[in-house]
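For reference, the structure is listed below as structure tokens.
What you see below is based on every heavy atom in this structure, not just the backbone, and it leaves out hydrogens, waters and symmetry mates.
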Amino acid sequence: MSVRADAESLRQIPIFRDSDPIALQVMAFAAERQNFLPGETIIGQGKKAKSAFFLMNGSAKVMNGEDEIGQAEPGALLGELAMISGALYAVTAVANTAVTAARIDNALFLRVADEYPEFGKSVLHALSRKLDF
């Protein structure tokens with residue numbers, strides 16, 4: 001997939017919907033690709049969070065404790081609060097199939113937000129709306 005296509009995929013995530021396309025392209029280009037095998041943990045509930053993972057292909061089971069609460073498919077962003085705050089992961093995600101994900105860590109997010117201040121503002125505004133439920 002091209003950087004432009006990856007950026008458009010990121011734009012489908014609600015917290016990035018109003019973001020500058022150039023900032024999303026920079027983030028898509030700089031994000032590290034990681035592969036996970038079936039059964040491998042992508043994020044672990046209660047663990048110190050350092051990164052969000054944007055699923056590019058494959059699927060993952062999302063769990064709260066021992067309870068499965070959903071499935072993550074391509075286009076899902078796991079651990080978005082980690083990307084900003086480094087909080088503990090609220091859920092566990094385990095690969096059902098081989099998964100390729102773009103890892104967006106806090107340092108990358110902050111670097112892009114520093115270079116594109118309107119991007120940072122729009123993401124924080126979208127997250128505040130999400131948390132306001």
Side-chain angles (χ1 to χ4, degrees):
M1 206 181 259
S2 72
V3 170
R4 188 170 284 161
D6 288 348
E8 277 307 308
S9 293
L10 284 171
R11 183 182 285 294
Q12 302 310 306
I13 297 168
I15 65 167
F16 295 136
R17 189 161 290 134
D18 297 327
S19 296
D20 178 349
I22 300 300
L24 289 176
Q25 286 179 27
V26 169
M27 194 157 52
F29 177 76
E32 177 187 333
R33 302 301 186 261
Q34 282 193 266
N35 296 307
F36 298 91
L37 298 172
E40 198 170 354
T41 299
I42 301 169
I43 62 172
Q45 186 174 20
K47 300 216 178 195
K48 178 85 169 131
K50 296 179 181 163
S51 304
F53 292 88
F54 177 68
L55 270 60
M56 301 176 81
N57 62 48
S59 67
K61 173 173 45 176
V62 180
M63 303 178 68
N64 184 2
E66 298 295 317
D67 299 324
E68 184 175 334
I69 58 172
Q71 293 285 320
E73 302 291 333
L77 183 65
L78 301 169
E80 67 249 24
L81 289 178
M83 181 179 63
I84 294 171
S85 71
L88 301 179
Y89 287 120
V91 297
T92 295
V94 178
N96 289 326
T97 63
V99 168
T100 300
R103 184 173 66 83
I104 305 169
D105 66 16
N106 178 261
L108 172 58
F109 172 76
L110 291 176
R111 196 167 61 241
V112 174
D114 186 50
E115 192 169 328
Y116 300 92
E118 289 303 315
F119 164 77
K121 287 179 189 174
S122 73
V123 170
L124 291 175
H125 183 69
L127 273 177
S128 70
R129 281 194 315 260
K130 180 178 180 177
L131 295 173
D132 200 25
F133 47 96

Under 3.5 Å donor-acceptor, [X] side chain and [Y] backbone:
X     : Y     : result
Asn57 : Val99 : no
Gln45 : Ala90 : yes
Thr97 : Ser59 : yes

>> For Arg11, give me all partners under salt bridge (charged side-chain N to carboxylate O under 4.0 Å, His left out), at least two apart in sequence or on another chain.
In response: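 Listed in chain order: Glu8.
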Do the non-hydrogen side-chain atoms of [X] and [Y] ever get within less than 4.5 Å of each other?
X      : Y      : answer
Lys50  : Asp105 : no
Phe109 : Val123 : yes
Glu80  : Leu127 : yes
Leu24  : Phe119 : yes

Which value, rounded to the nearest 0.5 Å, describes the distance between [X] atom [atom1] and [Y] atom [atom2]?
X      : Y      : atom1 : atom2 : answer
Leu10  : Phe54  : CG    : CZ    : 4.5 Å
Arg111 : Leu108 : CZ    : CG    : 5.0 Å
Leu88  : Lys47  : CG    : NZ    : 11.0 Å

>> For Arg17 versus Gln12, what's the shortest heavy-atom pair and its separation?
In response: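 Closest pair (atom of Arg17, atom of Gln12, distance): NH2-O, 3.2 Å.
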> Are Leu77 and Ile69 grouped together when hydrophobic residues (ILVMFWY) are joined by side-chain heavy atoms under 4.5 angstrom apart?
Replying inline: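 No; Ile69 is not reachable from Leu77 via cluster members.
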